[in-house]
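Heads up: the structure comes next, in structure tokens.
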Amino acid sequence: MEPTTEPKPLSLKANMLWNSTGSITYLAFQWLLSVVVVRLSDNYDAAGVLALALSVYNIFSPIAVYRMYTYQVSDVNRENTVGEYLTFRVITTTVALAICMVYSAVTCAPSTLLAIFLFFLTKGLSLLIDVLHGQDQLSGRMDYIGKSLMLQGAGTFAAFCITFGLTRNLEAAFGAMAAATLLVGLVFDAPRTRRFGAIRWGIAPKKALHLLGYCLPIVIATIACSATVSVPRQMLAWMDGEAALGIYSSVAAPVAIIQMGATYLYNPLLTNISKLYADRDASGLRRLYLTIAAGIALIGVLCAIAFEIVGPWVLELLFGPSISDYTYLLLPVIASAILCAFTWFANDVLVALRCFKGSFIGNVLSAAISAAVAYFCITTWGMNGVSFASIIAFLPSALVMTAFFFKLVAKPAPKEDDASPCDSQPS
């Protein structure tokens, strides 16, 4: 029986606290997987397959996500129901999985295909739960989101550790993660989202086509951004084997804190950037952009110093003494992470200002360069070539998107009925 009254919304502060706590907890458990898989293995092969599965998933996850969470949580007039968003997410995730498996069959070893499929399945189930979270956010109950992310993080981590510890079979461990994710969605999330109304599946073809067309440019841009990092990693696995990718990914795992730190720095300010643009405050926009860029650089420098001092010790503590021969990978990984973080920032600013053209060009450029130089870089510098390929690709991309930003803020903000300032907004 459906409830007659909806749960009362929480305060903005409480919602932010629950969401942040849940997100950090989930990311921490996901990161710990890269540690546990090394600790429970006799070599780096399983870690390499895990890294490969994650890299391939990251290339095609933008198709599954389709930037719809932002669209959904801004749907304050409830133009689409949660059931329509769920149905659309099933469509995009199924398409993404199909394309991913075709791509994997062509570019990856046959022995890794089942692991890639099951890893994508786990993530796909989580993306369906993400639609329920969109409804929770619209209704002002992000405590449901935070608790769900904690349960997903802890549940999938426990399922992986127990199953892999008993079987040493990565496919079985991914299957257990998928089951744990599904259980959280059915037992925890679905009943709570139903408190805001019934969930009825189905979407009209016209609506689905509209959503597909509207977000397509930035979906392609997001795929390209992911490919900039993923393609060199795949190239390393293809050239030197999964163990080499496992080693590289293990060294790179702690450095992800740079990208996460940068994201936490600028994400709350994207609304301010949009407001400054709407107010036509060009000087304020430029000042804020450069301030955030300086903040990202400062985070990078501080992390570089910290990792130079304690990085080898931390890596040995996490992964064991066998990793000590590869600490030379740290500095190029850090440089790559800093440029990647800035590119994410420049891209998100352009998307926030609806300059889809700048986002598209900048990210496609980085993916093209990465694909072009990856083989040469890895042949020349070995595992460090993955980092150098990303650096070479991200640098011009960041410059191009920054140029689009400064050109954009020099123009007056468009009225609501005008076309996008970059002439890229789909009709």
Side-chain angles (χ1 to χ4, degrees), residues 27 51-71 92 96 99-100 103 107 120 123 127 214-236 249 252 255-256 258-267 270 273 289 292-293 296 300 333 335-374 377 386-405 408 422 424:
L27 289 172
L52 178 65
L54 180 60
S55 294
V56 175
Y57 167 78
N58 284 338
I59 294 175
F60 299 101
S61 63
I63 299 176
V65 175
Y66 222 81
R67 283 279 187 166
M68 287 311 302
Y69 189 85
T70 302
Y71 191 101
T92 56
I99 297 173
C100 172
Y103 174 85
T107 63
F120 203 114
K123 293 294 187 180
L127 291 178
Y214 182 80
C215 294
L216 181 60
I218 51 175
V219 170
I220 296 173
T222 307
I223 295 170
C225 185
S226 298
T228 302
V229 176
S230 297
V231 167
R233 293 191 177 205
Q234 275 194 265
M235 184 71 71
L236 177 64
S249 298
V255 181
I258 295 175
Q259 289 156 260
M260 292 302 102
T263 301
Y264 292 140
L265 170 67
Y266 71 76
N267 261 347
L270 289 176
I273 289 173
Y289 189 93
I292 295 173
I296 293 173
V333 165
S336 173
I338 294 171
L339 272 174
C340 180
F342 181 79
T343 303
W344 283 5
F345 160 64
N347 177 63
D348 284 347
V349 168
L350 291 180
V351 171
L353 300 183
R354 299 299 186 265
C355 185
F356 293 172
K357 181 179 179 180
S359 171
F360 180 87
I361 292 175
N363 284 296
V364 170
L365 175 65
S366 68
I369 295 174
S370 176
V373 304
C377 289
V386 176
S387 299
F388 289 135
S390 298
I391 291 169
I392 293 169
F394 277 131
L395 184 57
S397 172
L399 292 174
V400 165
M401 286 193 283
T402 298
F404 267 100
F405 168 78
L408 181 65
C422 284
S424 58

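Because the structure is predicted, anything quoted here is derived from the model rather than measured. Numbering of residues begins at 1 and proceeds along the displayed sequence.
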What are the two closest heavy atoms between [X] and [Y], and how far apart are they?
{"X": "Ala398", "Y": "Thr343", "answer": "CB-OG1, 3.9 Å"}
{"X": "Val400", "Y": "Ile361", "answer": "CG1-CG2, 4.2 Å"}
{"X": "Ala335", "Y": "Ile391", "answer": "CB-CD1, 3.8 Å"}
{"X": "Phe360", "Y": "Ala221", "answer": "CA-CB, 3.9 Å"}
{"X": "Gly358", "Y": "Leu350", "answer": "C-CD1, 3.6 Å"}

Hey, what do you get for [atom1] ([X]) to [atom2] ([Y]), rounding to the nearest 0.5 Å?
{"X": "Thr222", "Y": "Asn347", "atom1": "OG1", "atom2": "CG", "result": "6.0 Å"}
{"X": "Leu395", "Y": "Phe342", "atom1": "CG", "atom2": "CZ", "result": "10.0 Å"}
{"X": "Phe404", "Y": "Leu353", "atom1": "CZ", "atom2": "CG", "result": "13.0 Å"}
{"X": "Thr107", "Y": "Ile59", "atom1": "OG1", "atom2": "CD1", "result": "7.0 Å"}
{"X": "Asn58", "Y": "Ser230", "atom1": "CG", "atom2": "OG", "result": "5.0 Å"}
{"X": "Phe356", "Y": "Leu216", "atom1": "CZ", "atom2": "CG", "result": "10.5 Å"}

query = Does Cys355 offer a backbone N or O that forms a donor-acceptor pair with the side chain of Ser359 under 3.5 Å?
reply = no

So do [Y] and [X] actually touch side chain to side chain, heavy atoms under 4.5 Å?
{"X": "Pro396", "Y": "Leu365", "value": "yes"}
{"X": "Leu52", "Y": "Gln234", "value": "yes"}
{"X": "Asn363", "Y": "Met401", "value": "yes"}
{"X": "Ile223", "Y": "Phe60", "value": "no"}

request  = For residues 390-405, pull every pair meeting side chain to side chain donor-acceptor pair (under 3.5 Å), keeping only residues two or more places apart or in separate chains.
outcome  = Tyr289-Thr402

message = Pair Cys100, Val56 - check side-chain contact (heavy atoms from CB on, under 4.5 Å), show working.
response = CA-CA 7 Å; Cys100 172; Val56 175; 3.4 Å; yes

note = Which of Ser336, Pro232, Cys377, Ser366 passes side chain to side chain contact (heavy atoms under 4.5 Å, CB included) with Ile392? Answer is Cys377

